There are 2 protein chains.
Amino acid sequence: MKKQSLKEKLKKKEKACAFSLHRVSRFIQPSLLLFLLKKPSYGYELMENLRKTGFHEESIDIGAVYRTLRSLEKEGFVKSIWQRKKKRRKRIYKITSRGKALLRAWVKRIEERKKALERFIKFYQKRRQ
Amino acid sequence: MKKQSLKEKLKKKEKACAFSLHRVSRFIQPSLLLFLLKKPSYGYELMENLRKTGFHEESIDIGAVYRTLRSLEKEGFVKSIWQRKKKRRKRIYKITSRGKALLRAWVKRIEERKKALERFIKFYQKRRQ
DNA sequence: TAATCTTATATGTTTAAATCATATAATAAA
DNA sequence: TTTATTATATGATTTAAACATATAAGATTA
């Protein structure tokens, strides 16, 4: 169980400083939209992509992935159909034009965020004795 | 009431896409530690610094600032004393060595995070038609 | 001088989402 | 035939962000 051991390691790290440093904080949503921009996909595959790409340093909560997909669909940012033809049934998601617009907004935000992080690091390096 | 109007604007923006894009997500804590690394300070001043530096694009919740300071103190990352000599009583906070270590951990995390955001943006620009 | 604004600290309540846990079921592998 | 993997889903708990309000003293202004 690779997932469990990683979580335990993080938990230890967290206890050492009593403050959680490992929150994902709303990064699942834009990540899913980004993968879906590339090609239609389904929950399980998307979760594996999340693991591989390293947008999240920590283990992915599969429940969060499915819930986020459903809520994105409810708001019209993605659309799903059942695929039952092949060996396994899969709920295939496609990004909509509204979803693409949302992703653009996210990218803008993420660029701003990146700049803020850069400012933070610079500030730190300047003031550090 | 400048604060209020800003919040309302953000609320509208949020409603437009039904997903909140404006969360601060644990950035108050490292920001406070960073300011305190520079010099001892107090809640109100720290909040004003947060506004000015633009680490947070959005309005600062002053309640969160005070609560974060208290919790940092509870864990030994900062230490406070009351200053009553001047016109107003202020609770002056100083960063401790444990706090400095925590900030170092935060900076590492923030650097990682920055890289993740960069990867995200690159990925977006590549796959975008 | 009374009313309002700014500085200053603090906490109560609500809402959102992250985290943890578990359920189901079919196929693949041991 | 038992276990692992693929696949989707939701219940429960915990955390923190967001919103709201309280207090009080000094500064400003009407």
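In this text the structure is predicted, and so the values were computed from the model without any measurement.
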side-chain N/O B:Tyr66 vs C:dA8 OP1/OP2, d < 4.0 Å: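 Negative; the distance criterion is not met.
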
C:dT27 phosphate, OP1 or OP2, under 4.0 Å from A:Arg89 side-chain N/O: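 Negative; the distance criterion is not met.
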
Pairing of B:Lys39 and B:Glu45 as salt bridge, 4.0 angstrom limit: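 Answer for the salt bridge query: yes.
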
Under-4.0 Å salt bridge between A:Lys114 and A:Glu118: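 Salt bridge: yes.
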
Comparing A:Arg67 and A:Ile92 on DNA chain D - which has the more 5′ nearest nucleotide: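 Nearest nucleotide further toward 5': that of A:Ile92.
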
Given [options], the nucleotide with the shortest approach to the side chain of [X]:
X       : options               : result
B:Ile62 : C:dT6, C:dT9, D:dA7   : C:dT9
B:Arg88 : D:dA27, C:dT19, D:dT5 : D:dA27
B:Tyr42 : D:dA7, D:dA9, C:dA8   : C:dA8
B:Asp61 : D:dC19, D:dT6, C:dA8  : D:dC19

Test item: B:Tyr66 and B:Arg91 side chains (from C-beta on) under 4.5 Å apart, heavy atoms: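 B:Tyr66 does not reach B:Arg91 side chain to side chain.
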
Sugar-phosphate, base or nothing in reach of B:Arg70, heavy atoms under 4.0 Å: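 Sugar-phosphate contact only - B:Arg70 comes under 4.0 Å of backbone atoms but never of a base.
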
Six-ring centre of B:Phe77, B:Arg98 cation under 6.0 angstrom, axis tolerance 45°: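 Judged by the rule (NZ or CZ under 6.0 Å from the ring centre, within 45° of its axis), B:Arg98 counts as positioned above B:Phe77.
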
